[in-house]
Amino acid sequence: LPRAPLALLLPTRYFRAFALELGGELPKRRSEVDAMLRFRLKRLLPYKPEAARLAFRPDDAAPGRLLALAAYEPVLRQWEHAIQACGLSAGWVLPASFASLAAWRSDGAARDPSRREPVRLLIDCDGAGVNLIAARGGAPLLLRSKSLLSGESAASLAGGEAALTTAYLRDKLHCPRLGGAALALP
């Protein structure tokens, strides 16, 4: 196996995602953005924000808005140690559902830079639940994960959550309609 860092794709349910309005321009220094995020996530995470590994992506269309990912640092470290025990090192650590986004890009905006990429919805049924990712040009805007309840069907959960996600995109992120959707099954 190669010695280069590898992408560690962990179950999407290991991550919490948040679309946050921070107002105005984001600070230039990463440490300042991290401090703002940890403060905002105090009531939203099931663990102390200091125990989270954070990643974020600003929304180019809306200054002050970003998608933040949080994962429990001790769990990520366990996986990274397991990779290191095999003589490898983890580079990117991502939700597995994000792997599908890399191949799912519209080339329309690439041909015409004045055209804005449409927002698309990926519905990923992973056996334990449903993950919904809204993305523009392959870049995630929103991630929602819902676990299956006893006796619940993935199709029923996916349909209901897709309707709720579409309404959220329309009302909160000002996306009047989707440019497409894809369903990934286990």
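Residues P95 and Y14 have side chains not in contact (no heavy-atom distance under 4.5 Å, counting atoms from C-beta outward). Put simply, the side chain of L45 reaches to within 4.5 Å of the side chain of R16, judged on heavy atoms. Proximity of K146 to L157: side-chain heavy atoms (C-beta onward) are separated by under 4.5 Å at one or more points. You'll find the side chain of L66 reaches within 4.5 Å of the side chain of L37, heavy atoms only. Between L94 and L10, the closest side-chain pair of non-hydrogen atoms is not below 4.5 Å. Taking 4.5 Å as the limit, some side-chain heavy atom of T166 sits within range of a side-chain heavy atom of L121.
By the neighbour-count criterion of 12 heavy atoms within 6.0 Å, atom OH of Y72 is sparsely surrounded, having that number or fewer from other residues, nucleotides or ligands.
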_Full working for side-chain contact (heavy atoms from CB on, under 4.5 Å) between T165 and L132_ = CA-CA 8 Å; T165 301; L132 300 104; 3.9 Å; yes
*asked:* I133 vs L142, test: side-chain contact (heavy atoms from CB on, under 4.5 Å). Steps then yes/no.
replied: CA-CA 6 Å; I133 302 173; L142 176 71; over 6 Å; no
*Give the C-alpha distance, both sets of side-chain angles, the deciding distance and a yes or no for side-chain contact (heavy atoms from CB on, under 4.5 Å) between Y168 and L164.*
CA-CA 6 Å; Y168 180 86; L164 290 172; over 6 Å; no
*Criterion side-chain contact (heavy atoms from CB on, under 4.5 Å) on F56 and L69, from CA distance to verdict*: CA-CA 6 Å; F56 63 89; L69 281 178; over 6 Å; no
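Considering CZ of R136 and CZ of R120, their distance stands at 11.5 Å, rounded to 0.5 Å. Once rounded to the nearest 0.5 Å, the distance linking NE2 of H174 with CG of L169 reads 11.0 Å. The distance from atom CZ of R53 to atom CG of D34, rounded to the nearest 0.5 Å, is 12.0 Å. Once rounded to the nearest 0.5 Å, the distance linking CG of L6 with OG of S89 reads 6.5 Å.
For R13 (side chain) and N131 (main-chain N/O), no donor-acceptor pair under 3.5 Å exists by modelled atom type. The main-chain N or O of G129 is never found under 3.5 Å from a side-chain atom of S147 such that the two would form a donor-acceptor pair. Judged by distance alone, the side chain of E152 and the main-chain N or O of L149 form a donor-acceptor pair under 3.5 Å.
In this structure, L183 is a member of the same hydrophobic cluster as L178, with clusters built from ILVMFWY side-chain heavy atoms closer than 4.5 Å. Tracing side-chain contacts under 4.5 Å through hydrophobic residues (I, L, V, M, F, W, Y), one never reaches L67 starting from L20; they form parts of separate clusters. A continuous path of ILVMFWY side-chain contacts below 4.5 Å connects V93 to L9, so both sit in one hydrophobic cluster. Hydrophobic clustering places L76 together with W92 (ILVMFWY residues linked when any side-chain heavy atoms are closer than 4.5 Å, directly or through intermediates).
Residues that satisfy the ring pair (Phe, Tyr, Trp, His ring centres under 6.0 Å) test with F18, not counting sequence neighbours, are absent from this structure.
Among pairs with a residue in residues 154-171, those fulfilling salt bridge (Lys or Arg N to Asp or Glu O under 4.0 Å) read R144-E161, at least two apart in sequence or across chains.
Here the closest heavy-atom approach between residue F15 and residue P11 is recorded as CD1-O, 3.7 Å. In terms of heavy-atom proximity, T12 sits nearest to S145 at CG2-OG, 3.5 Å. Minimum heavy-atom separation, P27 to E32: CB-OE1, 3.1 Å. Nearest heavy-atom pair across S97 and D124 is OG-OD2, 2.6 Å. Here the closest heavy-atom approach between residue L122 and residue A184 is recorded as CD1-CB, 4.4 Å. Contact detail for C125 and A158: the closest heavy-atom pair is SG-CB, 4.3 Å.
A salt bridge between R77 and E80 is absent, with no side-chain N of the basic residue lying under 4.0 Å from a carboxylate O of the acidic one.
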